[in-house]
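See structure below.
Count residues from 1 along the sequence. Worth saying up front: this structure is predicted, and the values here are computed from it rather than measured.
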Amino acid sequence: MNADNPITQLLAAPLSLDWTIEGLAEQLLSTIASKGSGEQEFSLTEEAITDRQSRRMIRPLLACLANMSADESGMSADIFGGHLSFKRQGPQGPVWILGEFENKPGTVRVAFRRSSLPPPNAEPRTAQPVGLTGTDYRPDSPQIGT
């Protein structure tokens, strides 16, 4: 595995005392988003993981990423495998982090592709925006920009 792989570097790095799997997942996405410009790929397989900490964290991390992707896309989550899709801020503007993963005992792998272009099937999300309560958001009321 390439020593410049942000996935292996992040998993092997010492954890802070107040770390969470959600925080680690967001840190991974932010790291991938900040890597240069243009399209880049990052991947990891279970066989490439050599340290105990990374082996213990990879499956919960993939499950967390699956749930985060489902929340952001409005799709249902499958923590054992499938597609991932995230939009994050990169150095030159928004970037899309797309991935595929498998998260089963004996078969753990993930591949991410970072792109400055949205995926061809990207559609606006229709779910309630994060941070608004049920009393703040009314789908039948006019929204800014519509």
Side-chain angles (χ1 to χ4, degrees), residues 1-137 139 143 145:
M1 182 60 35
N2 184 341
D4 292 331
N5 187 326
I7 303 171
T8 55
Q9 290 175 348
L10 186 63
L11 290 175
L15 299 170
S16 66
L17 294 176
D18 61 345
W19 79 278
T20 64
I21 200 70
E22 294 84 3
L24 188 66
E26 194 56 54
Q27 188 178 358
L28 174 64
L29 294 172
S30 295
T31 299
I32 292 173
S34 70
K35 292 291 181 185
S37 62
E39 193 167 303
Q40 295 182 356
E41 294 190 15
F42 307 93
S43 63
L44 180 67
T45 62
E46 187 173 33
E47 295 79 28
I49 300 173
T50 57
D51 66 285
R52 281 183 57 190
Q53 174 176 290
S54 298
R55 285 191 178 275
R56 284 193 319 266
M57 291 188 333
I58 188 65
R59 292 201 62 220
L61 178 63
L62 292 178
C64 181
L65 287 166
N67 285 323
M68 288 172 64
S69 179
D71 286 346
E72 290 183 26
S73 68
M75 305 296 286
S76 60
D78 181 354
I79 63 170
F80 299 109
H83 298 279
L84 303 168
S85 178
F86 303 96
K87 181 180 176 183
R88 294 293 183 275
Q89 192 63 29
Q92 284 90 31
V95 296
W96 286 262
I97 302 167
L98 308 175
E100 290 188 27
F101 76 104
E102 193 167 358
N103 190 18
K104 299 174 183 168
T107 308
V108 178
R109 63 174 183 79
V110 63
F112 290 105
R113 183 173 52 89
R114 177 203 182 277
S115 176
S116 55
L117 300 174
N121 60 348
E123 296 179 12
R125 184 176 169 190
T126 58
Q128 179 174 331
V130 175
L132 296 180
T133 66
T135 58
D136 296 328
Y137 179 76
Q143 301 295 312

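Checked for salt-bridge contact, E41 and R114 miss the test: no charged N lies under 4.0 Å from a carboxylate O. Salt-bridge formation is not detected for the pair E46/K104: no Lys NZ or Arg NE/NH1/NH2 atom is positioned less than 4.0 Å from an Asp or Glu carboxylate oxygen.
Atom-to-atom distance recorded for N5:CG and S43:OG is 6.5 Å, nearest 0.5 angstrom. Put simply, CD on E22 and CG on L65 are 10.5 Å apart, with the number rounded to the nearest 0.5 Å. Expressed to the nearest 0.5 Å, how far CZ of F101 lies from CZ of F112 amounts to 9.0 Å. Here the CG atom belonging to L11 is positioned 7.5 Å from the CG atom belonging to D51, to the nearest 0.5 angstrom.
The shortest heavy-atom contact between P60 and R56 is CD-O, 3.5 Å. Nearest heavy atom pair, residue S69 against residue S85, reads OG-N, 2.9 Å. Considering all non-hydrogen atoms of both residues, P119 and W96 come closest at CD-CD1, 3.5 Å. For the pair L62 and R109, the tightest heavy-atom approach, listed with the atom from each and the gap, is CD1-O, 4.1 Å. Scanning both residues, S76 and A70, for their nearest heavy atoms gives C-CB, 3.9 Å. D78 approaches A66 most closely through the heavy-atom pair O-CB, 3.6 Å.
Shown here are the side-chain hydrogen bond (donor to acceptor under 3.5 Å, both in side chains) partners of N67, two or more places apart in sequence or in another chain: there are none. The side chain to side chain contact (heavy atoms under 4.5 Å, CB included) search around K35 returns P6, T31, Q40, F42, not counting sequence neighbours.
A 4.5 Å side-chain heavy-atom check between E26 and M68 finds at least one atom pair inside the cut-off. The side-chain heavy atoms of L10 and L24, taken from C-beta on, include a pair separated by under 4.5 Å. In this structure the side chain of V108 reaches within 4.5 angstrom of the side chain of R59, judged on heavy atoms. Using a 4.5 Å heavy-atom cutoff, the side chains of E72 and F86 are in contact.
Using modelled atom types, one side-chain atom of N103 and one backbone atom of I79 make a donor-acceptor pair closer than 3.5 Å. The closest donor-acceptor contact from the side chain of E39 to the backbone of R113 lies at 3.5 Å or more, if one exists at all.
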Legend entry - Test side-chain contact (heavy atoms from CB on, under 4.5 Å) applied to R88 and I97, step by step: CA-CA 8 Å; R88 294 293 183 275; I97 302 167; 4.3 Å; yes

Inset, instruction - Mind running side-chain contact (heavy atoms from CB on, under 4.5 Å) on L44 and I49 for me, showing each step along the way? - result: CA-CA 8 Å; L44 180 67; I49 300 173; 4.0 Å; yes

